[in-house]
Amino acid sequence: MQAAITDALDELTARFGEAVLSIQPTADGIPTLWVSRDRVRDVLRYLKHDLPNPYRMLFDLTAIDERVRLHRAGQPASDFTVVYVLLSFDRNSYIRIKVPLQAEQASVPTITDLWPMANWYEREMWDMFGVNVEGHPYLRRILMPPTWVGHPLRKDHPARATEMQPFQMDEDLEESEQEALRFQPEEWGMKREREGADFLFLNVGPQHPGTHGVLRVVLQLDGEEIVDAVPDIGYHHRGKEKMGERQTWHTYIPYTDRVDYLSGVVNELAYLLSVEMLAGIELPARATVIRVMMSELYRITNHLVWFGTFAQDVGQLSPVFYTFNDRERAYAITEAICGARMHPNWFRIGGIMWDLPNGWDTLVRDFIAYLPPRLKEYEAAVMRNGIFKARTVGVGTYTLDDAIDWGVTGPNLRACGIDWDLRKKQPYSGYELFEFDIPTAQHGDCYDRAVVRVEEMRQSLRIIQQCVDNMPEGLHKSKHRLTTPPIKEPYTMHDIETLITHFLSVSWGPVLPPGEAMRPIEGSKGMYAYYLISDGNTESYRTRIRTPSFPHMQTLPLLTRGGMVADLLAVLGAMDFVLADVDR
Amino acid sequence: MRSVLANLLIIAGFVMGPLTIAAGLVWLERRLLAVWQDRYGPNRVGPFGLLQVLADTIKMLTKEDWVPPFADRWVFVLAPAIIIVTVLMSFAVVPIAPGLHVADLNVGLLFFLGMSSLGVFSIVLGGWSSSNKYALLGALRAAAQMLSYEVFMGLSLMGVVAIAGSFSLVDIVNAQRHLWFIIPQFPGFLLFLIAGSAEARRIPFDLPESESELVAGFHVEYSGMKFGMFFVGEYMGVTLISAMLTVLFLGGWHGPWLPPVVWFFLKTFFFICLFILARASFPRPRFDQLMEFGWKKVLPLALLNLIITGAIVVATGGQ
């Protein structure tokens, strides 16, 4: 892997010469190149098309407001930095390309022609940072309302309402705000008529039983046939990334729970792996195995919710009650272990909150015995149902190439026939010690996405079984200094010095060494990654959350064009998204 | 001849009966669904939650009688009444026991088919007058679906008519004294079951409503008792189709030991439960799939059934 990276770096520097401004060492070991703004498109095109074993997926695209950052030694001068992260399946590695921009000329060329998925990412970057994108086909706000003033992730934008003037809405403002919401098909890139016949525009959401939350989709219909579908997101935007810049490393953990709120600790794991990489913490074996067990349990609860609601989306009323019932049993376990259900707030920097309670293994074993026969029943009732198949087979199909171009990950990608699962490909948290298979399917349609997820539940059960059978003894937290809250041995509560150290680390939180780290993991919906930048402080300088639902939602028009209104529901149901994960 | 008083009593019974049964079905459906879905259902109001219906009715009656300002007012108000009227009229020709019916028309079956055709207007007009895109899509679906399945419904029954030699429902029941028509007319039975649930807009044929994509379809703008009329109309429709299945294929009131009325109600009840079970089990097909299923599968089968039945009737000389 290391050889493959240096090989790519050498070729890049040889080919682009002085366009490569510098190479930045990072805590995560992902090769990070600074490239000048004028050549970045060439570099990216080369990495995608011409390099042997190319970087085919644009994994993430975001920006950093560098204007108040202290620790930037060795990096080119920059007010705003645009960050591209690419992923190569053949090399099994990432590469990070950074572009330095000055405040007066904060603008980059678009790469939507290289990766169609860059569309939303560039819009988000413009929305959040005000970094202009030249040549972008549709550069409008995406998460913030159209009338918003300012760019929230800039350091000079207030993070709290108390930092702003009191908000007042007089009549004029009310009218202009309402006028801004008036639906004009042209603004959405839609025509009003075709050959003299009017299209029907159907506004689905943000309050609609089939959208699983506050998602709005505007449909352009010809009869019941979907000519175009444009998702409108941002209704669930809570400024998670901005909050990361105010909360300490430790107190941000509960916020991560609520990003993909169906997957609980999986979010915490993604966040903490990056934090621990920055801090250089190694975990004791028991802590990692407990983390794996709980993550897999939450993966099952996520898939159970998805399974029931998917069936409901295609009109089947009963499965949702069965799967929620089963999820309740899984929550009984998490409740006994973490004391919470959906938002456990249970992993800690350097370990987990508490050790497992007495009798936990019986609970888990009961669940492992309970679920498989139920899954078998659901397969008979849902997956083998003729009407269900008619609604999902061949509906909402993308090819593997399309999926990669659009940044699709997780079960949706595996339904296209590639066995890309980070738990196997880039094992983290000790996943290399477990025996399990990666289910895949071939057709990339709604049905195959379901096939993959149902089988994943079985594989998760296998992993949990191995955790129960082989739970190592030992500490549930690391003895590292930065473990939060620290265990008493060996550093704290012995004399006044260690007492003060303890006091500071509890009241202020840990101070992480300056650096950058990102550790992508295989979440329940796809690849999650927290790209964290520490400026040597108690909180992060920049928290970037790469979620799978955001690019997945962007594929909605691709999947629904030419289908019927009912197909929209099948596609949304099979996609497995939550709006909190789309908007953050 | 029955006295005038007896006639009036029977008519009153035929009006009140279906309404009461429909109200009871609201409770029954919710409880049965709950049983099949591993939960309790309404069990708080009165014994076994039986008074839930009463509570719901009071709620609906005391709600604001709201007509959206953009709706076509008179059509909007009249539409829910049509379904109640047409279904109740259909019950007039249903014989419950020997002599226990409102009218024994010699075209009873045609009357039933005609009334159920009229029922479509309720849905279409309700959806259209709402001036709501979801309602409109629901109404369009309803029009296409119900008119198509109307055709198959009529055809699927012609075998029964051919064997019984009459359109009168009383004659049809009498013709089943020795052998229920479900045996010689099994394909016809299945086709009528399918077409009937499409007429009653029950899952898997509830596309006009399909709450997952059209929210509530044609009745999305309705509330209060006007919604209640659609609601009750649907359950009366289920009762009517179950009663017709009983009359046409399960020998109506015929059966050993028990009194005829009891047999009739038992059989009808069985079909009602079957419809509820279907609701607990099936997903919903897509609109084009539904039409394809109707025109490419149900229609040829119905025709084939009619031809074979006709040939047999002719060959055996109508015996």
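All figures in this text were calculated on a predicted structure; none of them were measured in a lab. The chains referred to below are lettered A, B, ... by the order of the sequence lines, with proteins before strands, and numbering in each begins at 1.
- In terms of heavy-atom pairs under 4.5 Å with chain B, the best-connected choice from A/Asp567, A/Val382, A/Leu568, A/Leu572 is A/Asp567.
- A 6.0 Å sphere centred on CZ of A/Arg561 holds more than 12 heavy atoms belonging to other residues, nucleotides or ligands.
- Only the side chain of B/Arg141 comes within contact range of chain A, with at least one heavy atom under 4.5 Å from a heavy atom of that chain.
- For A/Glu175, the CD atom counts as loosely surrounded, since its 6.0 Å shell holds 12 or fewer non-hydrogen atoms of other residues, nucleotides or ligands.
- Atom CZ of B/Phe269 is surrounded by 12 or fewer heavy atoms from other residues, nucleotides or ligands within 6.0 Å.
- At a 4.5 Å heavy-atom cutoff, the contact between B/Arg39 and chain A is made by side-chain atoms alone.
- In plain terms, the two heavy atoms of B/Pro283 and A/Asn385 that are nearest each other are CD-ND2, 3.3 Å.
- The main-chain N or O of B/Gln37 is never found under 3.5 Å from a side-chain atom of A/Ser318 such that the two would form a donor-acceptor pair.
- Summarising the geometry of A/Val204 relative to B/Tyr134, their closest heavy-atom pair is CA-OH, 3.2 Å, with the distance given to 0.1 Å.
- Both the backbone and the side chain of B/Pro285 come within contact range of chain A, each with at least one heavy atom under 4.5 Å from a heavy atom of that chain.
- The 12-atom threshold is exceeded at CD of A/Glu186, counting heavy atoms of other residues, nucleotides or ligands nearer than 6.0 Å.
- With contacts defined as side-chain heavy-atom distances shorter than 4.5 Å, the pair A/Leu221/B/Lys133 does not qualify.
- Taking all atoms of both residues into account, the shortest heavy-atom contact from B/Phe282 to A/Ile387 is CD2-CD1, 4.0 Å.
- Surrounding OH of A/Tyr235 are more than 12 heavy atoms belonging to other residues, nucleotides or ligands, all under 6.0 Å away.
- With a threshold of 4.5 angstrom between heavy atoms, A/Ala390 approaches chain B through its backbone and through its side chain.
- Shown here is A/Tyr370, whose OH atom has more than 12 heavy atoms of other residues, nucleotides or ligands within 6.0 Å.
- Atom CZ of B/Phe70 sits in a crowded spot, with more than 12 heavy atoms from other residues, nucleotides or ligands closer than 6.0 Å.
- Contact between B/Arg286 and A/Arg391 at its shortest, heavy atoms only, is N-CD, 3.4 Å.
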